[in-house]
Amino acid sequence: MVKDLISKNIPFVIFREPGQETTFIIQKSPLSLVDDLTISQKGFYIFPFSKREESSPLFFSPDYIFDYHSKEKQDLDLPTLNAPEIRPQLLYEVGQEEYIKDLNKYLETFKSQGIKKAIYSRIKTEELSGELNIESFFENLIDHYPKAFVYVVHIPGDGIWMGASPELLLSYHQQKAKTVALAGTLKIDPKKAAPEWTRKEIDEHRLVEKHIISLCESMDLPFEKSSVRTNNTGKVYHLKSDFEIEIPPQSIVPFLNKLHPTPAISGLPQEQSLDLIYEVEQHERSYYCGFLGYVDDINQFNLFINLRCMKIANHQVSFFGGGGITPESDIDKEWEETNVKMSTLTDILPKHVDNKKISTVSC
Ligand SMILES: C=C(O[C@H]1C=CC=C(C(=O)O)[C@@H]1O)C(=O)O
């Protein structure tokens with residue numbers, strides 16, 4: 001089914017929110033751009049990391065929407081759409097030497113500009129040695145990461161994005177919003193019963209909490225915050241605290257506009273850290289560190305940050321991973337952290353590549 005839709009340039013999304021059934025959405029016409037950060041119609045949205053990205057916010061109309069495991073989808077026979085213009089994404093890959101140089105640039109800029117934290121991300125690209133079975137890979141991700149938001153998004157002319165994100169950006173139901181401060185990472189060590197958090201991770205997480213608290217205070221929104229807990233994503237531990245915020249419907253989009261990009265994916269102060277990211281990182285983040293999810297209506301939605309993700313285009317697969325850099329960062333550990341984060345997908349993907357068949361999954 002998925003292969004057929006890809007070959008016919010048909011936009012589609014398959015997603016599984018944590019603890020929910022899996023949904024399949026197919027749009028029968030080419031994708032339309034969403035001008036701004038608006039989420040006014042029922043459907044699936046994907047937004048890039050920031051307004052400075054060339055990639056546009058996109059909306060997937062649920063022309064067909066069904067339970068992924070239902071038989072209904074097998075009966076669809078959709079016509080081929082015109083091939084859209086292809087816009088290649090700049091997928092520049094740094095080696096470890098360049099990574100070290102770039103992180104030193106971050107650390108120097110922190111000193112001269114008083115930046116407290118900025119995320120540095122990188123890409124790892126590999127040729128697909130055979131045909132990737134997207135459905136079996138997706139189903140494996142669902143089983144492996146029950147607490148993640150797992151998805152496949154086909155954007156004709158761009159590629160196929162897939163991921164298993166541990167981070168909720170914002171959910172909204174009956175005027176109650178939920179968000180999380182998720183930051184600080186330690187690799188899971190099976191020999192240790194619990195992670196040993198250091199000042200670096202605690203401070204890094206605290207900066208995300210502070211951003212959410214000051215946003216609620218500035219908009220006069222009552223909120224409750226949980227204590228800080230350890231969150232196990234399957235590959236790494238993060239520090240996490242939950243927020244419940246009362247937000248009237250007219251304030252939810254302005255709140256979302258100010259919340260994103262949070263210091264978990266940009267840094268603090270926000271504008272200075274964005275300037276630094278765009279000066280030093282040489283790849284396009286595009287939809288990595290953006291957000292995505294299903295909007296039932298403006299009063300009911302769940303949006304997730306696009307982390308632990310990859311993109312398939314031109315018979316290649318590119319994995320994205322980053323980390324919060326602070327003045328206390330140890331550069332070797334940060335490099336290792338990005339490898340572990342990427343292993344969320346890199347460990348599972350090879351099982352689903354059929355080396356006997358050449359890759360036909362391309363965009
Ligand atoms: C930017 C990423 O992670 C963010 C989310 C959780 C923890 C993070 C950290 O510890 O650095 C990052 O802020 C990524 O996974 O690519």
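Atoms within a ligand are numbered from 1 in the order they appear, just like the ligands themselves. A quick note: this is a predicted structure, and the numbers were derived from the prediction, not measured. When reading the values below, keep in mind they use all heavy atoms of this one structure, side chains included, and skip hydrogens, waters and symmetry mates.
- F301 CZ to S171 OG: the interatomic distance, rounded to the nearest 0.5 Å, is 8.0 Å.
- Atom 12 (C) of ligand 1 has A264 O, 3.3 Å as its closest protein atom, hydrogens excluded (heavy atom only).
- Shown in contact with G323 at under 4.0 Å from a heavy atom are these atoms of ligand 1, numbered in order with element: 11 (O).
- No hydrogens or angles considered: nothing links the side chains of N302 and Y294 as a donor-acceptor pair under 3.5 Å.
- Considering only non-hydrogen protein atoms, atom 2 (C) of ligand 1 sits nearest to G322 O, 3.5 Å.
- Ion pairing between a basic and an acidic side chain is recognised when a charged N comes within 4.0 Å of a carboxylate O; K105 and E279 show such pairing.
- Counting only heavy atoms of the protein, atom 11 (O) of ligand 1 lies nearest to G324 N, 2.6 Å.
- The protein heavy-atom contact nearest to atom 16 (O) of ligand 1 is Y288 OH, 2.6 Å.
- Geometrically, ligand 1 and G321 share no nitrogen or oxygen pair separated by less than 3.5 Å.
- Under a 4.0 Å criterion applied to the non-hydrogen atoms of A183, ligand 1 contributes the atoms 7 (C).
- Partner P11 forms a side chain to side chain contact (heavy atoms under 4.5 Å, CB included) with one of I155, V153, L81 and no other, that one being L81.
- The single protein non-hydrogen atom nearest to atom 10 (O) of ligand 1 is T185 OG1, 2.4 Å, given as residue, atom name and distance.
- Outside the 6.0 Å centre-distance limit, the rings of Y92 and H283 are not counted as a close aromatic pair.
- The side chain to side chain contact (heavy atoms under 4.5 Å, CB included) test with L78 singles out one residue from D4, I10, D63, and that residue is I10.
- Of the protein's heavy atoms, E167 OE1, 3.5 Å lies nearest to atom 5 (C) of ligand 1.
- Among F15, F66, Y64, the single residue meeting the side chain to side chain contact (heavy atoms under 4.5 Å, CB included) criterion with I25 is F15.
- Contacts with ligand 1 closer than 4.0 Å are made by side-chain heavy atoms of R308 only, the backbone lying farther away.
- Side-chain atoms of Y287 never come within 3.5 Å of backbone atoms of K311 as a donor-acceptor pair (strictly under, hydrogens ignored).
- Heavy-atom contacts of E337 reach the following atoms of ligand 1: 9 (C), 10 (O), 11 (O) (cutoff under 4.0 Å).
- Proximity of a side-chain donor or acceptor of Q316 to a complementary backbone N or O of T125 within less than 3.5 Å is not detected.
- If you check which protein heavy atom lies closest to atom 8 (C) of ligand 1, you get K341 NZ, 3.4 Å.
- Ligand 1 has E204 within reach: a non-hydrogen atom of the residue lies less than 4.0 Å from it.
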